[in-house]
Amino acid sequence: HPLLKRIQAAAAKAKSFAALAPAVAGRWLDEEARARGVRLSPEERRILVGRHGGALWALANELEKIRAGWPLASAVHEEGAVWDFTAAFFRQRRSSFRLLTRLLNAGHEPIYLLGALARTLGVVALRTGAGRMSARRLDGASLEKAFDDLIATDSALKTGRTPSPLPLVELVLSREKTPSPRNG
């Protein structure tokens, strides 16, 4: 499938950094939390290392949110809301705006939410159907358009051309069609 080849090509261009082992990531997290004056419970530490592994950038962002008063425990319970957002986005893009707003207000990073959209698109493109997205036959052109939109939004978020979370909000509010069931 042409879209799968494009996804593979994009993945090949992505910069990759060796992941830290969980024990090393945990030690780094402990040291960084102490340096930032953040007290982590053993459960919070387990959640952070379990969710982000050795992604130090993500762990540092999470520590900043916790330091600012963001309750990590409640965010874990909101993970289902992320997948509700992705499902709504691929059903009817603009209808997912309210869910996006709730997730952003709850402290979810725009790049994380965009990644969830990309993972969902990958699942849909492979036609495996998983989680909250039902397996449906989808129009290839619509899938490719959605992929192009996600790549453009990713670039805008990462380069800072437009302040975050604006590129993601613009994507959700755009009138462009997202994948839809094939007719007939």
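Just the heavy atoms: all of them, side chains too, but no hydrogens, waters or symmetry mates, feed the values below. Being a predicted model, the structure only gives us computed values, none of them experimental.
Just one of L113, L173, N105 meets the side-chain contact (heavy atoms from CB on, under 4.5 Å) condition when paired with L100; it is L113.
Across all non-hydrogen atoms, the minimal contact from A152 to R161 is O-NH2, 4.1 Å. Among all heavy-atom pairs drawn from R94 and S174, the shortest one is CG-O, 3.5 Å. Among all heavy-atom pairs drawn from G107 and K65, the shortest one is O-NZ, 2.6 Å. Taking both residues in full, the closest heavy atoms of V172 and S96 are given as CG1-OG, 3.4 Å, listed atom of the first, atom of the second, then distance. Residue L157 comes nearest to S164 through the heavy atom pair CD2-OG, 3.6 Å, listed as atom of the first residue, atom of the second, then distance. Considering all non-hydrogen atoms of both residues, G53 and L59 come closest at O-CD1, 3.5 Å.
Formation of a donor-acceptor pair under 3.5 Å by the R45 side chain with backbone atoms of G26 is found in this model.
Every residue was checked against the side chain to side chain donor-acceptor pair (under 3.5 Å) condition with R98, not counting sequence neighbours, and none meets it. Remark: R39 pairs with no residue by the side-chain contact (heavy atoms from CB on, under 4.5 Å) rule, at least two apart or across chains. For A116, the side-chain contact (heavy atoms from CB on, under 4.5 Å) partners are V82, W83, T86, R119, not counting sequence neighbours. Applying the side-chain contact (heavy atoms from CB on, under 4.5 Å) test to E32 and every residue at least two apart in sequence or in another chain returns W28, R36, L63. R27 pairs by the side-chain contact (heavy atoms from CB on, under 4.5 Å) definition with A23, V24, not counting sequence neighbours. In this view, T101 satisfies the side chain to side chain donor-acceptor pair (under 3.5 Å) rule with no residue, not counting sequence neighbours. Taking the side chain to side chain donor-acceptor pair (under 3.5 Å) definition, one finds that N61 meets it with nothing, sequence neighbours left out.
Using a 4.0 Å cut-off between a side-chain N of Lys or Arg and a carboxylate O of Asp or Glu, R93 and D149 qualify as a salt bridge. The existence of a salt bridge linking R34 and E31 is excluded, since no basic side-chain nitrogen approaches an acidic carboxylate oxygen closer than 4.0 Å. The existence of a salt bridge linking D154 and K158 is confirmed by a sub-4.0 Å separation between a basic side-chain nitrogen and an acidic carboxylate oxygen.
Interatomic distance, E62 CD to Y112 OH, rounded to the nearest 0.5 Å: 9.5 Å.
Within the 4.5 Å cutoff, the side chain of L117 has heavy atoms near those of the L168 side chain.
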Evaluate side-chain contact (heavy atoms from CB on, under 4.5 Å) for S41 paired with R46, printing each intermediate quantity in order.
-> CA-CA 9 Å; S41 71; R46 185 192 64 73; over 6 Å; no
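In this structure, F89 and F85 have tilted ring planes: the angle between them lies in the 30° to 60° band.
Note on L166 and L171: separate hydrophobic clusters, where clusters join Ile, Leu, Val, Met, Phe, Trp and Tyr whose side-chain heavy atoms are under 4.5 Å apart, directly or indirectly.
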